[in-house]
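Reviewing the structure listed below.
Counting begins at 1 with the first residue of the sequence.
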Amino acid sequence: MRIAVTGSIATDHLMTFPGRFADQFVADQLHTVSLSFLVDNLDVRRGGVAANICFGMGQLGSRPVLVGAAGFDFDEYRAWLDRHGVDTDSVRISEVLHTARFVCTTDKDHNQIGSFYTGAMSEARLIELKAVADRVGGLDLVLIGADDPEAMLRHTEECRTRSIPFAADFSQQIARMDGEEIRTLLDGATYLFSNEYEKGLIESKTGWTEAEILSRVGHRVTTLGSRGVRIERVGEDPIEVGCPEETAKVDPTGVGDAFRAGFLTGLAWGVGHERAAQVGCMLATLVIETLGTQEYTLGRANFMERFTKAYGDEAAAEVHAHLA
């Protein structure tokens, strides 16, 4: 099963200010703010939803196709992804723009001041999926993740036109999309991914009920935070899968991307939705225990030991046949 993942490719520049932002603002001078914060450290991390998902799939032994736009500064990041099992040959490289970048400073009260530079991501709208499909010998599923909004619309329409199954996964872009755009992006999707909050927002913005949305997609996959995930399909009982026990909660960033990576890999293995969700939850647990979205190491023996403890011998035997 050949899976392409479209969406953002970015780097995060995260800084820590040892004081409080609130102490630096003068109430009657907020209209002329001019401040510079001396920060203690800088943490540069690889990110972007499509790159995060592909990295996780690569860790599980899959060979996902990354589809997105990056800048002329992408060489080092590309080499990292290539080493971890990601097909990066369909990434569009801008000749004039940097890779998308999130720059954020966090104070001691965990307040944040950040900026997101779209950069090369704006060129994702120029990517044609037919060229990707022709290069790899066809596509069985395209996940359309958070990206340049025009790119998301173009990829969705092309999947419909070319009869390529697709998964709708708006995540961060839901906030800026209107109801008509969301209706366009989800209608006919084989899978619709969201968390609980996004689920309600989708229903509110589209004006469609939960039942109406479910009738327009093949499967609705809703992540439930620490409670795991629920998978729904018309005419079938929901599948609910819990999360394995965590050793620590270090950083939740990228947990949703890791779940998608595991779930999509399970689909590629053909193990069924319950098993795929279990793989996704196990991978998500590894990420929440790690600082950074692509900094975890998937040791097969440790993965299977924890997977067996969480989901039992029968589930483990089925997954191990593919993971090994």
State the CG-CG distance between L291 and D251, to the nearest 0.5 angstrom.
-> 5.5 Å
Here the gap from N302 atom CG to M282 atom CE, rounded to the nearest 0.5 Å, amounts to 7.0 Å
Rounded to the nearest 0.5 Å, how far apart are CD of E128 and CZ of R154?
-> 5.5 Å
Pairs where residues 143-189 contributes a residue and the test ring pair (Phe, Tyr, Trp, His ring centres under 6.0 Å) is met, not counting sequence neighbours = none
Hey, could you give me each pair passing salt bridge (Lys or Arg N to Asp or Glu O under 4.0 Å) that has a residue in residues 17-44? Not counting sequence neighbours.
-> R20-D109, D43-R45
Does atom CD of E212 have more than 12 heavy-atom neighbours, drawn from other residues, nucleotides or ligands, at distances under 6.0 Å?
-> yes
Do the ring planes of F21 and F17 sit parallel (below 30°), tilted (30 to 60°) or perpendicular (above 60°)?
-> parallel
Residue pairs involving residues 271-282 (criterion salt bridge (Lys or Arg N to Asp or Glu O under 4.0 Å); sequence neighbours excluded) = R275-E318
So, the side chain of T6 versus the backbone of L143: is there a donor-acceptor pair under 3.5 Å, distance only?
-> yes
Report the distance from atom CD of Q172 to atom CZ of F116, rounding to the nearest 0.5 Å.
-> 8.5 Å
State, yes or no, whether a side-chain contact exists between L14 and T106 at a heavy-atom distance under 4.5 Å.
-> no
Restricting to pairs with a member in residues 163-178, which pass salt bridge (Lys or Arg N to Asp or Glu O under 4.0 Å), not counting sequence neighbours?
-> D169-R260
Could you tell me whether the side chain of S90 reaches within less than 4.5 Å of the side chain of V67, counting heavy atoms only?
-> yes
R2 side chain to G138 main-chain N or O, any donor-acceptor pair under 3.5 Å?
-> no
May I ask you to test the S226-C243 pair for a side-chain heavy-atom distance under 4.5 Å?
-> no
Contact summary for V271 and A276, nearest pair of heavy atoms | CG2-N, 3.8 Å
Please collect all ring pair (Phe, Tyr, Trp, His ring centres under 6.0 Å) contacts where either partner lies in residues 239-273, sequence neighbours excluded, each pair once.
-> Y191-F263, Y191-H273, F193-F263, H219-H273, F259-F263, W269-H322
Side-chain donor/acceptor of D257 to backbone N/O of I53, under 3.5 Å | no
On a heavy-atom basis, the closest approach of M304 and A316 is CE-O, 3.3 Å
Can you tell me if S122 and D148 form a side-chain donor-acceptor pair at under 3.5 Å?
-> no
Residues 182-190 side chain polar contacts: donor-acceptor under 3.5 Å, at least two apart:
{"unit_1": "R183", "atom_1": "NH1", "unit_2": "T206", "atom_2": "O", "d": "2.6"}
{"unit_1": "R183", "atom_1": "NH2", "unit_2": "E180", "atom_2": "OE1", "d": "3.0"}
{"unit_1": "T184", "atom_1": "OG1", "unit_2": "E180", "atom_2": "O", "d": "3.0"}

Sorted by chain and number, sequence neighbours left out, side chain to side chain donor-acceptor pair (under 3.5 Å) with S204 holds for none
With rounding to the nearest 0.5 Å, note down the distance linking CG in L81 to OG1 in T88.
-> 7.0 Å
Side-chain touch R78/D82, heavy atoms, less than 4.5 angstrom | yes
Would you find a donor on one side and an acceptor on the other, under 3.5 Å apart, between the side chain of R125 and the backbone of L153?
-> no
Below 4.5 Å, heavy atoms only, C-beta onward: do D12 and C104 meet side chain to side chain?
-> no
Got a sec, which residues hit side chain to side chain donor-acceptor pair (under 3.5 Å) with Q24, two or more places apart in sequence or on another chain?
-> none
Could you tell me whether a side-chain N or O of S8 sits under 3.5 Å from a main-chain N or O of V49, the two making a donor and an acceptor?
-> yes
Check whether any side-chain heavy atom of P244 lies under 4.5 Å from a side-chain heavy atom of Y311, and answer yes or no.
-> yes
Excluding sequence neighbours, so at least two apart, what forms salt bridge (Lys or Arg N to Asp or Glu O under 4.0 Å) with R233?
-> E236
Going only through I, L, V, M, F, W and Y residues with side-chain contacts under 4.5 Å, is there a path from I93 to V132?
-> no
Locate the shortest heavy-atom distance separating D73 from R101; write the atom from each residue and the value.
-> OD2-NH2, 2.9 Å
Kindly say whether G292 contributes a backbone atom to a donor-acceptor pair with the side chain of T290 at under 3.5 angstrom?
-> no
Separation between CE of M15 and CG of D107, rounded to the nearest 0.5 Å | 13.0 Å
Determine yes or no for a side-chain-to-main-chain donor-acceptor pair under 3.5 angstrom, with T99 supplying the side chain and G71 the backbone.
-> yes
Just by distance, with hydrogens left out, do E289 and T247 show a side-chain donor and acceptor under 3.5 Å apart?
-> yes
Selection residues 53-70 - residue pairs positive for side-chain hydrogen bond (donor to acceptor under 3.5 Å, both in side chains), sequence neighbours left out = none
Exercise: identify the closest heavy-atom pair between A100 and M121 | CB-CB, 4.3 Å
Output yes when a side-chain donor or acceptor of E158 lies under 3.5 Å from a complementary backbone atom of L129, and no otherwise.
-> yes
Hey, are the side chains of T293 and R46 touching, using non-hydrogen atoms and a 4.5 Å cut-off?
-> no
Any side-chain heavy atom of H320 within less than 4.5 Å of one from R300?
-> no
Which pairs with one or both residues in residues 38-72 pass ring pair (Phe, Tyr, Trp, His ring centres under 6.0 Å), sequence neighbours excluded?
-> F55-W80, F55-H84, F55-Y296, F72-H98
Check whether more than 12 heavy atoms from other residues, nucleotides or ligands sit under 6.0 Å from atom CG of L35, and answer yes or no.
-> yes
Distance-only, no hydrogens or angles: does the D87 side chain make a donor-acceptor pair with backbone N or O of D89 under 3.5 Å?
-> yes
Going by the salt bridge (Lys or Arg N to Asp or Glu O under 4.0 Å) test, which pairs reach into residues 189-203, not counting sequence neighbours?
-> E196-R227, K199-E203, K199-E210, E203-R220
